[in-house]
Amino acid sequence: MGKKLSGKDLIKLGFPKNNSINVTLGHINRYHKRIKKEQILTEAKKVLLNPENYKGDGVWGKVAESLLSPVEVKRHALKTTRSPFAIYGENEIDDQAKYQLYDALKLPVAVAGALMPDAHTGYGLPIGGVLATQDAVIPYGVGVDIGCRMCLTIYPIPVSFLKGKKHQLENILAEHTKFGMYETHKIKHDHEVFERGEFTTIPFVKRLKDKAYKQLGTSGGGNHFVEFGEVTITDVDNAWDLPVGSYIGLLSHSGSRGLGANIAKHYTYLATKQCPLPKHVQQLAWLDINTHDGQEYWLAMNLAGDYAKACHDDIHRRIGKLLGSRPVAKIENHHNFAWKQEVNGEECIVHRKGATPAAKGELGIIPGSMTAPGFIVRGLGNEASLQSASHGAGRVLSRRKCKETLTRSEVKKELKAHEVTLIGGGIDEAPMAYKDIHKVMANQQELVEVLGTFTPKIVRMDT
DNA sequence: ATGTCC
């Protein structure tokens with residue numbers, strides 16, 4: 001066993017006395033724990049002599065960058081004024097969430113922001129917060145569940161089946177969806193997402209591939225669900241030329257499972273290390289999009305987003321097969337993600353943390369609660385909202401408050417009144433935990449138009 | 001949200 005590699009070894013090798021030493025040590029710590037010291041030093045020497053050759057390299061790219069353009073890590077000061085912003089449904093939003101947005105708007109990289117009518121307090125950026133930045137991506141501006149999304153499939157099946165075939169539908173959800181931290185499908189399906197290069201070129205992501213494969217098509221926990229319900233198309237001019245009327249729909253809500261959670265955690269850690277901020281906004285640490293880490297996060301984030309979609313694909317494919325019906329429409333959208341988007345004529349990075357993209361003509365689905373309809377929407381491209389809308393009704397009771405104040409029988413009664421069957425589901429996801437979706441929709445009429453509704457009837461959640 | 005501590 002050789003001695004642990006230290007900064008002195010690198011200086012002896014000829015490394016300049018700037019941040020490249022720290023970057024290299026941190027890097028070796030992460031990726032080379034099991035490799036012999038001599039071998040690492042040989043490689044490090046090669047990078048030191050020809051850093052240009054290692055630019056963009058998954059393993060040594062970051063070290064090369066620190067040699068080519070060393071940076072001083074300095075504390076960023078906040079601006080004294082806020083970038084422009086808009087708040088929708090202001091009276092329904094708690095002050096804490098607004099203060100969180102105000103803080104974010106003072107970041108030197110902030111360009112504009114918005115708060116959706118379902119907003120509430122979160123880590124860093126509030127849930128329901130939208131933030132446009134210049135050349136910077138904030139991992140906590142995307143959130144822990146990268147690519148968390150909605151997917152609605154509409155089937156040409158008579159809605160009477162929701163009652164007539166209730167037990168079969170219940171059985172499909174009970175047997176063919178997987179919830180909780182550990183449950184996975186016994187029969188694995190493959191998906192093209194696993195052929196993606198990021199799984200081999202980004203060493204950190206490579207380690208997550210096996211688990212991602214195991215978790216494909218699982219839903220996880222928290223507020224995630226898979227449910228059957230009644231779709232009502234109300235707009236004649238809908239996107240699918242569907243006759244106005246009722247259909248059976250399958251709606252799922254889930255994200256990128258362990259893959260996204262680990263990516264979020266890793267890059268948040270890196271951002272915090274290299275972007276020191278005043279303590280109360282430290283969680284808004286960003287990665288410069290033109291650095292190795294920034295580029296890597298962008299790729300990893302997009303991979304997690306595509307993986308989240310793959311999970312919904314898998315869920316809907318499994319269930320569609322059991323239903324034996326061909327879908328007539330499918331609507332899906334992320335609501336925890338960052339996009340490149342033009343804001344005031346400048347290309348920006350727009351973070352939506354619990355907000356639905358609502359560019360002009362863009363389709364999306366905004367869920368209500370177990371006992372309240374969700375809405376199929378078409379974006380109006382409202383610039384003040386940065387082309388966004390709410391991602392649901394938003395919580396009115398915290399999880400803790402639910403456990404303190406609500407009873408099982410109360411929830412049962414509420415479900416019965418709305419003829420909703422629930423499989424699983426904790427008290428903290430009770431319908432009463434959510435704001436009135438109708439009020440939320442009324443507060444965002446400038447942001448989206450409604451094409452139809454989805455009313456849940458058989459709901460499956462984690463226990 | 002998540003093998004719920006990098």
Nearest-Å distance, [atom1] ([X]) to [atom2] ([N])?
X       : N      : atom1 : atom2 : value
Y267(A) : dT2(B) : OH    : P     : 20 Å
Y269(A) : dT2(B) : OH    : P     : 24 Å
D210(A) : dG3(B) : CG    : P     : 15 Å
Y307(A) : dT2(B) : OH    : P     : 11 Å
L208(A) : dC6(B) : CG    : P     : 13 Å
Y140(A) : dT2(B) : OH    : C1'   : 11 Å
R207(A) : dG3(B) : CZ    : C1'   : 15 Å
F204(A) : dC6(B) : CZ    : P     : 10 Å

Practice task
Write out all pairs satisfying salt bridge (charged side-chain N to carboxylate O under 4.0 Å, His left out) with one or both partners inside residues 125-153 of chain A, taking only residues at least two apart or from two chains.
Solution key: R149(A)-E332(A)
ring-ring contact (aromatic ring centres under 6.0 Å, His included) against [X], all qualifying residues, sequence neighbours excluded:
X       : answer
F85(A)  : Y102(A)
F454(A) : none
H312(A) : none

Practice task
Answer with base, sugar-phosphate or nothing: what part of the nucleic acid does G221(A) contact at a heavy-atom distance below 4.0 Å?
Solution key: sugar-phosphate
Practice task
With heavy atoms under 4.0 Å as the rule, sort K211(A) into base, sugar-phosphate or nothing.
Solution key: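 Base, at least one base atom sits under 4.0 Å.
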Exercise for the section: Look at Q215(A) and dT2(B) and indicate whether a side-chain polar atom (N or O) is within less than 4.0 Å of OP1 or OP2. Expected result: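 Answer is no, no contact under 4.0 Å.
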Practice task
Would you please confirm or rule out a distance under 4.0 Å between OP1 or OP2 of dT2(B) and any side-chain N or O of K265(A)?
Solution key: no
Practice task
Would you mind checking if R460(A) and E170(A) are paired as a salt bridge, meaning a charged N to carboxylate O distance below 4.0 Å?
Solution key: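 No, this pair does not count.
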Practice task
Enumerate the residues from residues 251-264 of chain A whose closest heavy atom to DNA chain B is under 4.0 Å, giving them by residue number; use none for an empty result.
Solution key: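 Within residues 251-264 of chain A, the residues near DNA chain B are R257(A), G258(A), A261(A).
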Exercise for the section: Kindly indicate whether a cation-pi arrangement holds for R395(A) with Y434(A), taking the cut-offs as under 6.0 Å to the six-membered ring centre and within 45° of the axis. Expected result: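 Satisfied, under 6.0 Å and within 45°.
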Exercise for the section: Sort and list the pairs that fulfil side-chain hydrogen bond (donor to acceptor under 3.5 Å, both in side chains) and have at least one residue in residues 270-279 of chain A, not counting sequence neighbours. Expected result: Q274(A)-D293(A)
